[in-house]
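In what follows, a single structure is set out as C-alpha cells and then discussed.
Just so it is clear: chains get the letters A, B, ... in the order the sequence lines come, proteins before strands, and each one is counted from 1. This structure is a prediction, so every number in the text was calculated from the model and none was measured.
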Amino acid sequence: MRLFTKIFLFGMLVFSVAFSASGYFLLHYSMESSMAREAEFALKQYQYDKFTVQSALLSYSDVSLIISIEDGSLSREGQTYTVWQTETDYSESLPGPDTKSLTESLFKCLTAEFTVPAAFFSEDKSVIYSEIQDLDPSFLDNLSEDAHIYQFRNDREGGSVLVGGILCWNGLNAGNPPASQDTLPARGGNLYFVTQWDISKTISQQKTLQQYFIRCYFAAVAAGMVLLGLLSAFLTGPLKRMSGAARRMAEGYYEERLPLKGNDEIGTLAQSFNRMAAAVEDKVDALSKTAREKEDFVANFAHELKTPLTSIIGYADTLYQKELSREEIRKASWHIWNEGMRLEALSLKLMELTVLGRQDFPLTEMPARELLEDTAESLYPLLQENQSAFCLRAQPAYVRADYDLLKTLLINLIDNAVKAGGTSITLSGQVQDGKYLISVEDNGCGMETEELSRITEAFYMVDKARSRKQHGAGLGLALAESIAKIHGSRLSFQSQKGQGTKVSFFLICTGKE
Amino acid sequence: MKRNRHIPINLFGILLALVIALGGALSVRIRLEQEQSRLLLSGGTVPVPVKTESPEGIFVDSEAIPANLTENELLTAVRDRERGKDTWLHEPEPGQLSMVQALEHGRAWIEDFLLPRLGTDDFRLQEYKANCHLWSLQEEETDKPSGGSVSDYWTVEIISSELEARLIVNASGGQILDASVSCSIPAEYQNQDNLVSLLTDYSASFNLEGNYFMISDGENSPEDQGQILYHSIGSLGLFAVLDTGSIVFTRTESLNNTDIMEYTELFHVHLYLRYGIPAP
C-alpha cells in the first residue's frame with residue numbers, strides 16, 4: 001500500500017472516529033438534557049395541575065360546586081345548574097344513576113382547565129376517568145405518598161412523560177357509595193392522579209438534530225477526503241521526488257540534486273540527501289581520478305619505455321652483430337646500463353608525477369652540454385633507424401635539473417620530431433638572458449596554429465591515423481609539459497604546416513662552465 | 001506491472017476509508033437510537049413532603065395564625081418575591097400552611113378583616129371557586145430552592161359572583177403579603193377613614209415595632225377616586241401599600257318604554273407589602 005493511501009486511510013480513520021465520537025457525545029448530552037428538562041417541565045406542570053384539582057375538590061366538598069350537566073338527565077338539556085353543597089353529600093340529593101355521569105362531569109370540568117391530558121385512578125388502579133390513551137397504571141405500583149413518579153413513554157405520537165401522584169379524595173360519593181360507583185374511593189381516601197406531558201416536539205427536534213449531524217458529517221467527510229488527499233499528496237510529493245533522484249543516482253547520474261527547501265523534516269531529509277549525493281559524487285570523482293591516474297601512469301610508462309628500450313635494443317644489437325673495439329664495447333654497454341638505470345628511476349618518478357601529482361622533485365646542478373650529449377647518444381639507435389640527420393649545438397653551462405626527467409622530456413621532443421617526419425633535427429642549448437634555452441627543431445610536417453594550444457593535452461593527437469600507426473598515445477607532450485613545469489618553465493611551440501616545428505623551454509642557468 | 005500492482009491495494013484502502021466514514025455515521029445513529037429507546041423507557045421518582053391534615057380541612061381564623069416572622073424574615077420574603085423571575089411549585093413542607101389552611105386563612109381574612117374595614121360586616125363567601133398553589137421563587141432554572149423557607153408563598157384565588165380575590169400568603173407565617181381584591185358589594189368604599197383604618201390595621205397585623213407614618217400619593221383629595229397610601233412598617237424600609245380604585249358600569253334596561261339606568265360599581269383594593277417607596 002502506498003504511503004499516500006496509508007496517510008489517507010489513517011487520516012480518515014482519525015477524522016471519522018473524532019467527528020463521530022464528538023457528535024455522539026454532543027447529541028447524547030443534548031438528548032439527555034432535553035429529556036431531563038422535559039421531565040422537569042412535566043413535574044412542574046403536574047404539580048400545578050395537582051394543586052388545581054386539590055383546590056377544586058376542596059372548594060367543592062366544603063362549600064359549593066358548579067357543574068354543567070350536558071346529558072340532560074336532570075332537567076332541560078344544556079342548562080347549567082348551580083347545586084349547593086354545604087354539610088350534606090351531593091350524592092344524596094341526586095338520583096343514583098346520574099351519579100356516575102356527574103362524576104365524569106366533575107372530572108371533565110376539572111381537566112378542562114388543564115393543558116395536558118389527565119387520568120384518575122382509584123386505589124385499586126381501576127380507571128375513574130382517563131383522557132390518556134393506552135395508559136397502563138402499572139407504573140404507579142411502587143408509588144408512595146411521599147413521591148411523584150414519572151415515566152417516559154415511547155408512543156406513536158412520538159413520546160410523552162407520564163407523571164403520577166397520590167391525592168386525597170374529598171369527593172362525590174362520601175357515605176355509602178352506590179353500586180355503580182364502587183371504583184371510587186371513600187371520602188378522605190386516596191386516588192391516583194396522572195398527567196401526560198407531550199415530548200414529541202423534543203423527540204422530533206432530536207431526530208432533526210441527528211439528521212442535521214449526519215448531513216454535516218458527510219459534508220465534513222467529503223471535505224476531509226479532499227483535504228486529506230491534498231495533504232497526502234503534499235507530504236508524499238517530496239518523497240516521490242527523492243525516490244526519483246535516488247533512482248537516477250543509482251543509474252549513475254551523481255549530479256542529481258533535490259530542489260527542496262524548508263526546515264521541516266522533509267527539508268532536512270532533502271538537505272541530507274543532497275549532502276550524501278555530493279559526497280558520493282566527490283568520492284566517485286576521486287575514484288575516477290585515481291583510476292585515470294593509474295591508467296595515465298601505465299600509458300606514460302609504456303610510452304617512456306619505448307625510447308630507452310629502442311636505445312637499449314639498438315646498442316645490444318650493435319654489440320651482438322658488429323666486431324667492436326674494447327672502447328666501443330664499453331661505450332655501448334654503458335649506454336645500455338645508463339638507459340636501464342634511467343628506466344628504473346623513471347618508473348618511480350613517473351609514478352610520483354602521474355599518480356601522486358608530485359611537483360617538488362629535487363633539481364640538481366649539472367652541465368647542460370653533457371646532458372644534451374647523453375640524450376643525443378641515447379637516441380642514436382632511434383635516429384639511425386629513421387635515418388634522420390641530427391645536429392647538436394650546445395653552449396656549455398650549468399643548469400638545475402632532474403637528470404632522468406629532463407632526459408625524458410628531451411627524448412619525447414626528439415621522438416615527436418622523428419614521428420613528425422623530420423629528416424633534420426636540431427637540438428640546441430644556449431644561454432639567453434641568464435637562462436638556458438633548449439630548443440628542438442625539425443623540418444617535419446608541422447601543425448596548424450589552432451592545434452598548438454591543444455597538443456599538450458593528454459591523449460590529444462594531431463594526426464590520429466599517423467600516431468596510431470607509430471604506436472603513439474598522445475601522452476608524450478602532456479608528460480613533457482609536466483616535466484617542464486617541474487623545472488619552472490613551459491613548452492613554447494613554433495610550427496608551420498608543412499615546414500616543421502620548433503619546441504623551446506628554459507632551464508635555470510646557474511653559471512657557465 | 002509493479003506500478004499497476006499498487007492500484008487494487010490503493011483502491012481497497014480508499015474504499016476502506018469510505019467504509020470507516022460510513023460506519024462512523026451509522027454507529028452514531030444506531031447508538032443514539034439505542035440511547036433514545038433507553039431514555040424513553042426510563043423514569044424516576046421525585047420526593048415530595050408529606051403533610052398530614054384532616055380531610056375535612058382545618059378552619060383557621062386569621063387571628064389565630066401567629067405572625068411569627070421576624071422583621072428580617074418578612075423583609076427577606078418581600079424582597080425575594082419582588083426579585084424572583086420564575087416560580088417553583090412544590091408541596092408544603094412541615095411547618096408551612098397546608099392548602100386547606102391557606103384557603104381558609106385567605107377566606108377568613110377577606111370575610112373578617114378586609115370587608116368589615118370596607119364597611120361590609122356580615123358578608124360570607126358561600127359560592128366560590130378556589131385555586132391555590134404553593135410556590136417559591138426560582139432565579140435560575142436549575143436553582144431549586146430548598147423547601148420550608150420564609151420565601152415560600154401560597155397564591156389563593158377565590159372567585160365568586162361578587163368578589164374576585166388573589167392573595168399571596170406567606171406559607172410559613174400566614175401573613176398576607178399581597179391582596180388584590182375586586183368586589184361589587186355595596187359599601188362605602190370611598191370613606192377615607194375606612195381606608196386609613198384598613199391600612200393601619202394591616203400594618204399593625206405584622207406586630208412589628210417601629211415608627212409608623214402614612215404617605216398619601218397623588219394630588220387627589222382623599223375623597224377623590226383612586227389613591228395610593230403608604231404605611232411604614234418597622235425600621236428596615238418595609239411599607240404597606242394601599243392602592244384603591246373603582247370603575248362604575250352602567251347598564252340601560254328598557255321596561256314599559258321606560259329606560260332604567262342600572263349602576264354597578266366595581267371597587268378594587270390592592271393591599272400589599274413592598275420594600276421602599278418609589279421616588280416622587
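Per-residue heavy-atom pair counts under 4.5 Å with chain A were compared for B:I158, B:N131, B:I9, and the maximum is reached by B:N131. Among A:K207, A:Q206, A:Q54, the residue with the largest count of heavy-atom pairs under 4.5 Å with chain B is A:Q54. Across A:V17, A:I203, A:V53, the residue that shares the most heavy-atom pairs under 4.5 angstrom with chain B is A:I203. For the set A:M12, A:Q151, A:Q210, A:Q211, the entry with the most heavy-atom pairs within less than 4.5 Å of chain B is A:Q151. If you tally non-hydrogen atom pairs under 4.5 Å between each of B:G43, B:C132, B:G44, B:A25 and chain A, the highest count goes to B:G44. Between chain A and the options B:L39, B:I14, B:L11, heavy-atom pairs under 4.5 Å are most frequent for B:L39. Most heavy-atom pairs under 4.5 Å with chain A: of the set B:G23, B:S27, B:S42, this distinction falls to B:S42. Residue with the most contacts toward chain A among B:L22, B:L32, B:I20, B:L16: B:L32 (heavy-atom pairs, distance under 4.5 Å). With chain B as the partner, the residue from A:T52, A:L162, A:L9 showing the most heavy-atom pairs under 4.5 Å is A:L9.
Of the atoms belonging to A:I214, it is side-chain heavy atoms, and not backbone ones, that fall under 4.5 Å from chain B. In this structure, chain B has a heavy atom under 4.5 Å from the side chain of A:S16, while its backbone stays farther away. Contacts of A:Y217 with chain B are made by side-chain atoms alone, with heavy-atom separations under 4.5 Å and no backbone atom involved. Looking at B:R38, only its side chain comes within 4.5 Å of chain A, counting heavy atoms on both sides. Proximity to chain B (any heavy atom under 4.5 Å) is restricted, for A:F213, to the side chain, taken from C-beta onward. Residue contact with chain B, scored on non-hydrogen atoms closer than 4.5 Å, is absent for A:F139. Heavy-atom distances place no part of A:L228 under 4.5 Å from chain B, backbone and side chain included. B:Q36 touches chain A through backbone and side chain together, each having a heavy atom under 4.5 Å away.
The closest donor-acceptor contact from the side chain of B:Q101 to the backbone of B:S98 lies under 3.5 Å. Judged by distance alone, the side chain of A:S22 and the main-chain N or O of A:A18 form a donor-acceptor pair under 3.5 Å.
Checked by atom type, the side-chain pair B:H133/A:K50 shows no donor-acceptor distance below 3.5 Å. Between the side chains of B:W135 and B:T155, at least one donor N or O sits under 3.5 Å from an acceptor N or O. At a cut-off of 3.5 Å, with distance as the only test, no side-chain donor of B:Q175 or B:S205 sits close to an acceptor on the other residue.
Put simply, the residue from B:S184, B:S182, B:C183 that forms a side chain to side chain contact (heavy atoms under 4.5 Å, CB included) with B:L163 is B:C183.
Within the model, atoms CG of A:D198 and CZ of A:F41 stand 13.5 Å from one another, a figure rounded to the nearest 0.5 Å. Rounding to the nearest 0.5 Å gives a distance of 11.0 Å between CZ of A:F51 and OH of A:Y46.
Residues B:H90 and B:D152 form a side-chain contact, since some pair of their non-hydrogen atoms from C-beta on lies under 4.5 Å apart.
Heavy-atom neighbours of A:D141 CG from other residues, nucleotides or ligands within 6.0 Å: above the threshold of 12.
The ring of B:Y272 has its center closer than 6.0 angstrom to the ring center of B:H270.
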